[in-house]
Amino acid sequence: MNRMSETTTTADGRQTGGVLMEMKGIILRFGGVEAIKDISFDIREGEIRAIIGPNGAGKSSMLNVISGFYVPQEGEVWFKGQRRGPMKPYEVARLGIARTFQNIALFDGMTVLDNIMTGRLNRMKSGLLSQALWWGAAEREEIKNREHVERVIDFLEIQNIRKTPVGRLPYGLKKRVELARALAAEPQILLLDEPMAGMNVEEKEDMSRFVLDVNDEFGTTIALIEHDMGVVMDLSDRVVVMDYGRKIGDGTPDEVRNNQEVIDAYLGVAHD
Amino acid sequence: DLIVPNLSYRTGAYGANGTQYADGFNDYFTLLNERDGGIGGEMVQVPECETAYNTEKGVECYEATKDTGALIYNPLSTGITYQLIPKVSVDKKVLYTPGYGRTSAKNGKVFEWVFNAPANYWDGASVAVKYLLDENGGDLNGKKIALVYHNSAYGKEPIRTLQGLAEKHGFTLSEIPIDAPGQEQKSQWLQIRRDQPDYVIMYGWGVMNQAAIQEASNIRFPMENFIGIWWSGSEVDVTPVGAKADGYKALTFHGVGMDYPVYDDLQEFVIEPGNASQGGEHVGSVLYSRGLYAALVISEAIRKAQDIAGASQIDAEQLRNGFEQLEITPERLTELGLPDFGPEIKMSCDNHGGSGMARLQQWDAEAKAWNLITEFTEPDQEIIAPLIAEDSEAYAKESGITPRDC
Amino acid sequence: MLDAENDDTLLEVNNVEVIYNHVILVLKGVSLSVPKGGITALLGGNGAGKTTTLKAISNLLASERGEVTKGSILYRGEKVAARNPAELVTKGVIQVMEGRHCFEHLTVEENLLTGAYTRRDGAAAIRRDLEMVYEYFPRLRERRKSQAGYTSGGEQQMTAMGRALMSRPEMILLDEPSMGLAPQLVEQIFQIVKAVNEGEGVTFLLAEQNTNVALRYAHYGYILENGRVVMDGPATALCENPDVKEFYLGMSDEGRKSFRDVRSYRRRKRWLA
Amino acid sequence: MLYREAGDFKTSYRDDGQTFPIRLDRWAYYAALVVAFLVVPFVINDYWANAVFVPFLIYAIAALGLNILTGYAGQVSLGTGGFMAVGAYAVYKLMTAFPEISIVIHILLAGGITAIVGMLFGLPSLRIKGFYLAVATLAAQFFLVWLFNKVPWFYNYSASGQINAPERTILGYAVTGPATSAPAKYLICLVFAFVLAWVARNLTRGMSGRKWMAIRDMDIAAEIIGVNPLTAKLSAFAMSSFFVGVAGALLFAVYLGAAEVGEAFGINKSFLVLFMIIIGGLGSIFGSFAGAAFMVLLPVLLKNVLVGGLGWPTDLAAHIELMIVGGLIVFFLIAEPHGLARLWALTKEKLRLWPFPH
Amino acid sequence: MMDQMYFAAEVFLNGLMTGVMYALVALGFVLIFKASGVFNYAQGVLALFAALTLVGIQQGQVPFAHMINAMFGTHIEHFGWTVPSVLAILLTGAVMVLLAFLIEKLVLQHLIGQAPIILFMATIGLAYFLEGLGDVMWGADIKNLDVGLPQGISETIETATAEWFGYGLFIDRLDIWATLIAALLVAALVAFAQYTKQGRAMRAVADDHQAALSVGISLRFIWVMVWSIAGFVALVAGIMWGTKSGVQFSLSLIALKALPVLMLGGFTSIPGAIVGGLIIGVGEKLFEFFIGPMIGGATENWFAYVLALLFLVFRPQGLFGERIIERV
Ligand SMILES: Nc1ncnc2c1ncn2[C@@H]1O[C@H](COP(=O)(O)OP(=O)(O)OP(=O)(O)O)[C@@H](O)[C@H]1O
Ligand SMILES: Nc1ncnc2c1ncn2[C@@H]1O[C@H](COP(=O)(O)OP(=O)(O)OP(=O)(O)O)[C@@H](O)[C@H]1O
Ligand SMILES: [Mg+2]
Ligand SMILES: [Mg+2]
């Protein structure tokens with residue numbers, strides 16, 4: 001448990017905390033296909049941890065394991081120094097783990113505001129009855145949480161689409177709304193699955209800024225899957241590299257960048 | 001004018017049956033209007049309203065017509081009847097449900113506005129058993145009778161009567177419900193094939209009738225031992241089965257066929273001039289005859305009411321009086337051109353159901369005709385009367401009605 | 001480059017206006033022309049209307065309750081509005097839709113085979129092309145018997161691309177082909193585009209966010225913002241344009257900046273309100 | 001400048017969460033309430049009450065209920081008829097067993113009982129989805145109807161299995177039984193419909209509504225972000241069944257007065273209510289009312305036009321009516337798959353832009 | 001004891017055959033669901049409509065006679081000829097193709113890409129329409145359908161089994177025919193869906209309308225084709241059920257008996273429809289026969305659904321349905 005309290009200094013001199021989450025020997029199979037083959041790595045408190053690898057390497061599956069949606073055949077997930085027993089995804093969410101999805105998973109029939117409000121659902125406690133009556137407790141709670149959500153909306157600059165049904169939004173905005181929903185939950189760990197896919201440079205810059213700010217301001221730990229090497233190398237403190245379900249590299253961006261196996265499997269050419 | 005709405009159904013699962021009945025009902029009034037200039041000089045209007053055998057539509061029809069001066073309702077649906085029974089007592093309309101509806105409405109003390117002469121479901125069950133008694137020299141001991149019934153309020157009606165009769169006459173009764181619509185009855189008939197009852201009595205309606213007769217013929221159940229209530233005894237029930245339905249029996253409370261003088265008039269005044277309801281396709285069928293018979297009873301009650309009131313234009317209350325004093329004698333029937341068409345009817349303040357007499361008819365598949373095979377027979381009032389008293393009293397209590405003194 | 005009046009223009013979009021749901025005006029008069037045998041890129045930020053433009057071309061808007069209310073789209077001088085999407089495929093225009101849209105319950109191979117639905121040139125030719133697709137995307141060969149719904153995002157993207165190639169089209173409309181692909185693959189896909197373009201003479205119109213790669217491979221580019229074309233020109237020229245450099249390539253005068261160093265959110269400069 | 005939200009600024013989140021954010025809408029709503037409560041009761045007669053208003057209100061309640069389940073929580077149910085039967089039989093048993101207790105309490109209790117039954121039948125929804133679930137709910141429909149038909153205790157051992165509503169009063173006015181006046185019938189249904197619509201609105205604008213919608217739109221994602229599918233689905237089933245149960249109780253006790261389960265609560269009822277919410281608009285309170293109005297009024301209207309107006313034979317009229325109803329359903333779905341509610345919203349959106357086309 | 005066994009065997013066999021009759025209706029559902037993801041509630045009405053048309057053509061009825069008579073005061077009913085069964089069946093098949101074409105043109109085409117429930121609703125609207133149309137065209141009375149299929153107990157089987165076991169089994173000859181025809185149909189349809197290009201296209205369409213369009217599959221063609229086949233299957237079902245219990249409104253209600261079959265077999269599986277039908281047929285018959293009398297009978301309406309429900313709890317996609325893809 002000593003690793004819990006350890007602090008590390010990252011490449012650019014920032015301090016990250018002890019190990020917040022640790023994956024130990026995860027093996028995940030679908031029928032005959034082994035999507036994750038015995039992978040272990042950890043995520044430290046306050047860091048930005050990137051997971052990269054070619055398509056089909058098992059990155060998204062790994063996030064799904066963390067969120068409890070996939071149950072690995074073998075291996076353990078440790079969270080805050082405790083082994084996590086079998087858990088339903090919604091129980092995992094209650095631990096303070098929020099995420100975005102690779103194939104945007106917004107609730108299409110709801111407005112942007114309502115979508116983001118769902119991020120608050122673990123913080124709203126009023127029962128069915130008091131909600132049915134509305135006046136009083138339920139309304140107060142709603143307004144209190146709405147204020148928080150409005151801060152997130154401001155932060156991500158999506159004020160003007162608050163009342164738009166998300167189904168109509170263009171791709172990039174959807175991604176942002178998804179991020180807003182995850183942020184609204186005020187999570188300890190934020191899992192981002194390709195948050196910048198389908199964006200142009202300018203938008204990526206904005207998005208990067210958001211990620212960094214969340215990390216800085218709220219101290220949120222972030223696990224990030226991304227294919228844009230520029231983004232990954234610039235933002236992350238440490239990088240895990242996966243290929244065909246195996247871990248082929250783990251370390252700071254610089255270490256990874258120069259790892260020959262990583263270059264062969266993923267980067268193609270050494271990235272600048 | 002006299003307004004007698006016809007709450008009919010010509011669509012839906014029972015539309016094929018409802019159509020024929022509605023035609024007979026309409027045509028008789030048309031005849032009276034065309035030939036006699038109405039009843040007592042008043043023309044009869046028969047506005048038709050489609051219920052599709054659906055209670056809510058039935059209520060809608062009732063509400064739509066009741067304020068137009070309607071005198072009497074005959075919805076040809078037990079479900080709708082139950083709906084209307086409480087309403088007619090408030091709105092003061094007559095409800096006439098010959099051969100269907102709520103059996104205990106026979107008790108005029110409780111059901112002031114409802115009439116169900118000449119016969120009801122319980123009468124039917126009893127007459128059928130009486131017939132079987134006759135067939136068996138008065139002894140049904142040890143016989144097995146199966147009741148195949150439409151699994152609804154209607155189909156369940158005869159159960160208690162039959163149970164009473166079973167006790168009295170020593171036969172065993174097995175009850176076999178069939179859910180609507182009832183096209184698929186294989187397991188029920190396999191059960192009958194296994195149990196080998198001596199007789200099968202059926203309370204069915206719609207497609208269930210044909211399917212049952214078909215299955216009975218499939219398992220080679222002797223048709224002579226298969227007796228349907230009057231709602232299971234029309235042409236549409238037997239013709240689809242073809243020759244194999246030959247010999248099937250059914251109850252009826254009116255005559256069949258077109259061998260009655262009234263048809264000459266119908267031909268002359270209604271059919272030929274093209275006034276027949278919906279083209280006169282069904283003239284003379286069993287259900288047509290039944291609709292016609294219902295119209296006849298109503299028109300006689302109107303006449304009686306006019307007599308009593310001394311006026312030609314009457315209201316529903318007067319019509320009720322007419323019904324309560326209605327007497328249709330065999331002579332009167334002959335006068336009307338329908339000799340021996342129905343049983344004698346004599347009603348009173350406490351008896352709204354007449355004598356309960358019914359008779360049997362049998363299907364001749366080759367001639368495609370129903371033949372009457374018995375005379376009108378009295379039901380076993382010993383069993384029925386107490387049941388009626390019990391059920392109507394329960395209703396009175398539940399609905400807070402104080403029975404009238406008669 | 002080839003100019004619009006040229007006989008070689010394969011596709012011409014004239015002043016097209018698109019409205020969704022009768023009220024949402026998305027394209028406000030877009031015109032572009034795609035020369036035969038070229039690679040034309042459609043660039044622009046999120047929500048600019050790239051996807052809508054492509055769908056208008058392949059006549060797929062109807063099922064999204066959108067409609068072209070103004071302007072015309074001509075493919076080889078013929079109005080596409082008069083043709084249903086299936087006919088357009090027969091005529092050689094095929095679209096790879098944004099967000100992959102694989103047939104989830106079909107296997108990867110069956111997905112590829114549906115691409116050949118309109119072909120009439122026999123099973124052998126189709127087999128050959130299937131091999132060709134597997135050559136381009138070896139990963140698909142491994143996964144050929146898996147239900148497409150269970151393959152990874154990138155594998156689905158490859159399936160969708162492969163499926164389009166299977167129809168032996170004359171023109172492919174590619175909507176964000178690079179989205180979600182590993183960098184190596186992005187490069188590879190564009191190389192495939194280039195190879196197909198040069199080898200088989202297939203014309204490409206591609207919508208891309210990855211401006212950098214797109215402009216490297218395209219011959220000509222259009223930049224769409226807010227439902228309008230705000231700039232167009234040969235790819236090389238666009239690459240040099242300082243605005244394009246700043247907004248779409250992320251380069252400032254000092255070269256590429258680290259994402260970490262972007263200290264303030266950019267306020268997007270708009271060419272048009 | 002008739003219909004604008006411009007200048008109608010909200011200064012608090014509370015105002016922003018209002019049901020009718022636009023002033024004009026709010027006024028229209030109050031006006032409708034005034035008419036419904038203060039005008040209609042004085043002019044209504046038996047025909048209008050029984051043929052139009054009472055069924056409309058009752059079905060609107062049922063539609064609200066089904067809309068919670070199907071429109072908001074995305075669980076398609078074809079068991080509505082069966083659940084209405086539960087409400088009806090529950091209220092019947094309560095009315096006859098405890099005649100001294102107020103009918104209002106009985107109706108609410110009937111709703112509660114239905115909620116429990118609904119939850120029970122909602123359990124499979126945790127495994128079964130989409131049309132499989134829809135068909136599975138038919139199990140509830142057929143089983144419940146069979147049960148009420150078969151077990152004599154439910155119909156107090158009456159000979160035919162019919163149930164009859166005895167007279168019960170509120171403040172001295174009969175609201176059930178034959179002596180009920182048209183305004184009394186109408187008012188009790190109106191009060192229930194009004195209160196329940198308000199409850200439905202509250203539930204759906206708050207977190208429970210969002211949980212339901214999240215489950216509807218993408219159940220897996222919902223679970224991953226923290227919605228417990230068990231409680232979300234079961235609470236939807238319970239709430240929905242409560243509404244449907246109340247509607248069933250009112251249908252039997254106030255409207256029909258007598259009922260036979262197979263006939264009054266058969267599968268057609270389930271379809272009818274489903275129609276209402278789809279024509280009206282899934283996931284819309286207004287849609288529930290609009291759909292109920294449409295499906296109640298249309299047949300009455302058609303019948304009056306075809307038989308009364310054109311003088312066609314009733315059977316032909318009835319068949320053609322079927323064709324027209326069917327055709328209109330298809331037509332509306334094509335014109336606007338999201339129902340009358342969306343059609344209305346679009347009209348307003350256009351009005352807002354008027355006179356500019358976009 | 002022995003007797004009980006024979007009875008059970010008899011019920012079992014008859015259950016199997018009834019199951020086949022259900023499966024005939026279920027097949028139509030499966031086809032359309034497979035090809036467009038549309039849950040076609042109108043399948044039952046389609047069967048009714050087909051049977052009505054067949055009888056009408058066979059007996060030389062004038063379509064819309066009743067309406068024409070009502071409007072013009074004429075008295076036409078029949079053309080005065082009868083059409084031989086085979087020809088009538090072919091003509092009815094043509095009518096069903098025409099109907100499929102119209103349905104595509106007037107309904108489906110405008111609903112591409114809509115949510116499944118909307119399409120489902122549209123088919124209910126369609127069911128209403130067709131029900132009304134059938135009545136207006138051919139009249140609402142009960143009609144006999146006779147295309148020469150034999151009916152009633154098969155005496156050969158009865159005497160044979162009586163000889164072997166001392167108990168003559170009851171098998172309906174119509175059921176034997178139904179089984180044969182169903183077997184043929186299923187074999188043909190399976191081959192079609194699995195091994196032909198159109199079959200593959202059909203499954204593609206079910207998955208994603210837009211994507212199917214984008215690769216050049218004409219939804220229109222696929223739909224017309226599939227609805228035509230479904231119309232043909234409906235005709236077969238209509239002939240069987242119409243022979244059994246007459247042609248009239250209630251025929252459309254057999255759809256309700258086909259739903260649990262579907263659910264159990266899986267909405268997307270053609271063999272599933274048959275296997276589901278057999279299980280449901282046997283299950284409900286045995287239950288009604290042995291347990292029914294103890295709990296008051298008439299259990300068939302719900303039993304099938306409850307049985308299917310129990311299966312689904314273990315396999316949410318039915319026995320043979322395609323796996324429901326759950327991913328994020
Ligand atoms: N079905 C629809 N209904 C209503 N509005 C829509 C619909 N589809 C797209 N839009 C709107 O049209 C605009 C343009 O969308 P489009 O998808 O064409 O953009 P894009 O350039 O492809 O963006 P991205 O790069 O994010 O994919 C957006 O503002 C979007 O909100
Ligand atoms: N539910 C599932 N059933 C079967 N196979 C699956 C399932 N989920 C993932 N896989 C397989 O596991 C492998 C890893 O998939 P995953 O989605 O994790 O890849 P990824 O690394 O996120 O790739 P990409 O960058 O393309 O998104 C893939 O080959 C995929 O087909
Ligand atoms: Mg992934
Ligand atoms: Mg796009």
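Chain A is the first sequence line, chain B the second, and so forth, proteins listed ahead of strands; every chain is numbered from 1. Because the structure is predicted, anything quoted here is derived from the model rather than measured.
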ring-ring contact (aromatic ring centres under 6.0 Å, His included) partners for E:Phe303, two or more places apart: E:Phe287
Are E:Phe267 and E:Phe29, when compared by the centres of their aromatic rings, separated by less than 6.0 Å? no
For E:Phe192, does the CZ atom have more than 12 heavy-atom neighbours from other residues, nucleotides or ligands under 6.0 Å away? yes
Correct closest heavy-atom pair for C:Val133 and C:Gly162 would be CG1-CA, 3.7 Å
Write down the atom of E:Leu111, the atom of E:Ala122, and the distance for their closest heavy-atom approach. CD1-CB, 3.6 Å
Part of E:Ala212 lying under 4.5 Å from any heavy atom of chain C: both
Below 3.5 Å only, please: all the donor-acceptor pairs between chain E and chain C, one per line.
unit_1: E:Lys197; atom_1: NZ; unit_2: C:Tyr117; atom_2: O; d: 2.8
unit_1: E:Gln198; atom_1: OE1; unit_2: C:Tyr117; atom_2: OH; d: 2.8
unit_1: E:Arg203; atom_1: NH2; unit_2: C:Glu110; atom_2: OE2; d: 2.7
unit_1: E:Asp207; atom_1: OD1; unit_2: C:His105; atom_2: ND1; d: 2.6
unit_1: E:Asp207; atom_1: OD2; unit_2: C:Glu104; atom_2: N; d: 2.9
unit_1: E:Asp207; atom_1: OD2; unit_2: C:His105; atom_2: N; d: 2.5
unit_1: E:Asp208; atom_1: OD2; unit_2: C:His101; atom_2: ND1; d: 2.6
unit_1: E:Gln210; atom_1: NE2; unit_2: C:Leu60; atom_2: O; d: 3.4
unit_1: E:Gln210; atom_1: NE2; unit_2: C:Ser63; atom_2: OG; d: 2.7
unit_1: E:Arg323; atom_1: O; unit_2: C:His105; atom_2: NE2; d: 3.2
unit_1: E:Arg327; atom_1: NH1; unit_2: C:Tyr150; atom_2: O; d: 3.2
unit_1: E:Arg327; atom_1: NH1; unit_2: C:Thr151; atom_2: O; d: 2.5

Shortest non-hydrogen pair, E:Val261 vs E:Gly276, comes out as CG1-C, 3.7 Å
Using a cut-off of under 4.5 Å for heavy-atom pairs, which of C:Val93, C:Leu173, C:Leu106, C:Leu88 has the most such pairs with chain E? C:Leu106
On a heavy-atom basis, the closest approach of E:Ala127 and E:Tyr41 is CB-CD2, 4.1 Å
